[in-house]
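Heads up, the thing below is written out as structure tokens.
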Amino acid sequence: PADVLFQGESGAQLNDLMASVNGTFNLKSTPFNAHADAQTTSDGAMTAGSPSLSSASAPFKVTDLGKAIIVGGAGAAGGLLQTTIANYISPSQVSLATSAATTTSGAGVLWGTDNRTAIQSAIAGNGSETIAWAAPGNYMVTCPDSGNPAINMSTFGATLMGASGHAGTDVGQLPSVQILGSGCPIIQINANGVGIERVLIRDPIGSASTIALQIGPVNNPSPLSTFTIAKSSFVCQKSNGAKCYVGTGVSTHFALRGYFS
């Protein structure tokens, strides 16, 4: 019950689907209202004790006001600073809600709408339906607090599915949906029957503490055995330290299909 793009068609506007169509959730529709507006830069600079963030590439806009932001190296002991944009000053400068604890330059910066609650509410409310995006884009998520995942796949049957490739195939193409975060496990698989398909999980900041995909919580006493990761690319074991973690109670009988790095 909505307009769609014909196979191979390009340059057309895909109308917004309603929240649930034939068992498929559209995270960009009500009540979830996710926004694919994540942005990154690699030349952030902050001074300890100051909330001012500058970037010579001048990527900021007045519409960024109030959005979530993560700055690499500006937090305590040179860790991540996670806060919000409090004031827009110019395209090359914004003021954050929290001051830097560490002086940093050439820092990775990620900012945008925090979609963690939107995605998690869809997962929690699903009845073994597919949770999907109707259009490609970059979706930012933040850590709720220390050690907990941004997205917890904890409901049986929930599937995070990105937009499909041209002509219904993803062969030779990168996934068109990215989930961007830094620090905590970006996605944790914590239930049987869940799936991740056509989604790129990435830390654009490159924090050594980041876990892109955590399969099973730490010291999980109940093995997982029936989850699937297909047609996906998730970033693990990068040279800068981002990694995947497999919990101690995970069974060896699970599916990994597609291309991974």
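Being a predicted model, the structure only gives us computed values, none of them experimental. Starting from 1, each residue takes its place in the sequence as its number.
With rounding to the nearest 0.5 Å, the separation of OH in Y139 from CD1 in I119 is 8.5 Å. The distance from atom OG of S154 to atom CD1 of I123, rounded to the nearest 0.5 Å, is 7.0 Å. Expressed to the nearest 0.5 Å, how far NZ of K61 lies from CG of D64 amounts to 7.5 Å. The CG atom of L200 sits 7.5 Å away from the CG atom of L180 when rounded to the nearest 0.5 Å. Here C184 contributes atom SG and L80 contributes atom CG; the two are 9.5 Å apart, rounded to the nearest 0.5 Å. Within the model, atoms CG of L160 and CE of M153 stand 4.0 Å from one another, a figure rounded to the nearest 0.5 Å.
For the pair V94 and W111, the minimum side-chain heavy-atom distance is 4.5 Å or more. Side-chain contact between T83 and I69: present, with at least one pair of heavy atoms (C-beta onward) separated by less than 4.5 Å. In this structure, the side chains of T84 and L96 stay at 4.5 Å or more apart for every pair of heavy atoms.
L110 and A38 get closest at one heavy-atom pair: CD1-CB, 4.2 Å. Pairing each heavy atom of A77 with each of T102, the nearest pair is N-OG1, 3.8 Å. Closest approach of Q214 and P185 over heavy atoms only: OE1-CG, 3.3 Å. Closest approach of S99 and L81 over heavy atoms only: O-CD1, 4.0 Å. Here the closest heavy-atom approach between residue S52 and residue Q93 is recorded as OG-NE2, 2.6 Å. A pairwise comparison of heavy atoms in T47 and A100 identifies O-CB, 3.6 Å as the closest pair.
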Margin query: Between M140 and I70, does the side-chain contact (heavy atoms from CB on, under 4.5 Å) criterion hold? Intermediate values first, please.
Written below: CA-CA 10 Å; M140 179 181 177; I70 302 174; 3.8 Å; yes
Check: Stepwise, does the side chain to side chain donor-acceptor pair (under 3.5 Å) test hold for S55 with S57?
Finding: CA-CA 5 Å; S55 170; S57 58; 2.9 Å; yes
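Partner of I196 under the side chain to side chain contact (heavy atoms under 4.5 Å, CB included) criterion, chosen from T159, L213, I179, I151: L213. Screening Q178, H35, R202, Q39 for a side chain to side chain donor-acceptor pair (under 3.5 Å) involving N138 leaves a single residue, Q178.
No path of Ile, Leu, Val, Met, Phe, Trp and Tyr side chains, each step under 4.5 Å between heavy atoms, connects V141 with I85, placing them in separate hydrophobic clusters. Side-chain heavy atoms closer than 4.5 Å link hydrophobic residues (I, L, V, M, F, W, Y) into clusters, and following such links, even through other members, never connects I89 to V62.
Side-chain atoms of Q82 come within 3.5 Å of backbone N or O of C143 as a donor-acceptor pair. Remark: the backbone N or O of S95 is not paired with any side-chain donor or acceptor of N87 at under 3.5 angstrom. Without hydrogens or angle criteria, R116 side chain to T142 main chain gives a donor-acceptor distance under 3.5 Å. T104 places no side-chain N or O within donor-acceptor distance of the main-chain N or O of M46, the cut-off being under 3.5 Å.
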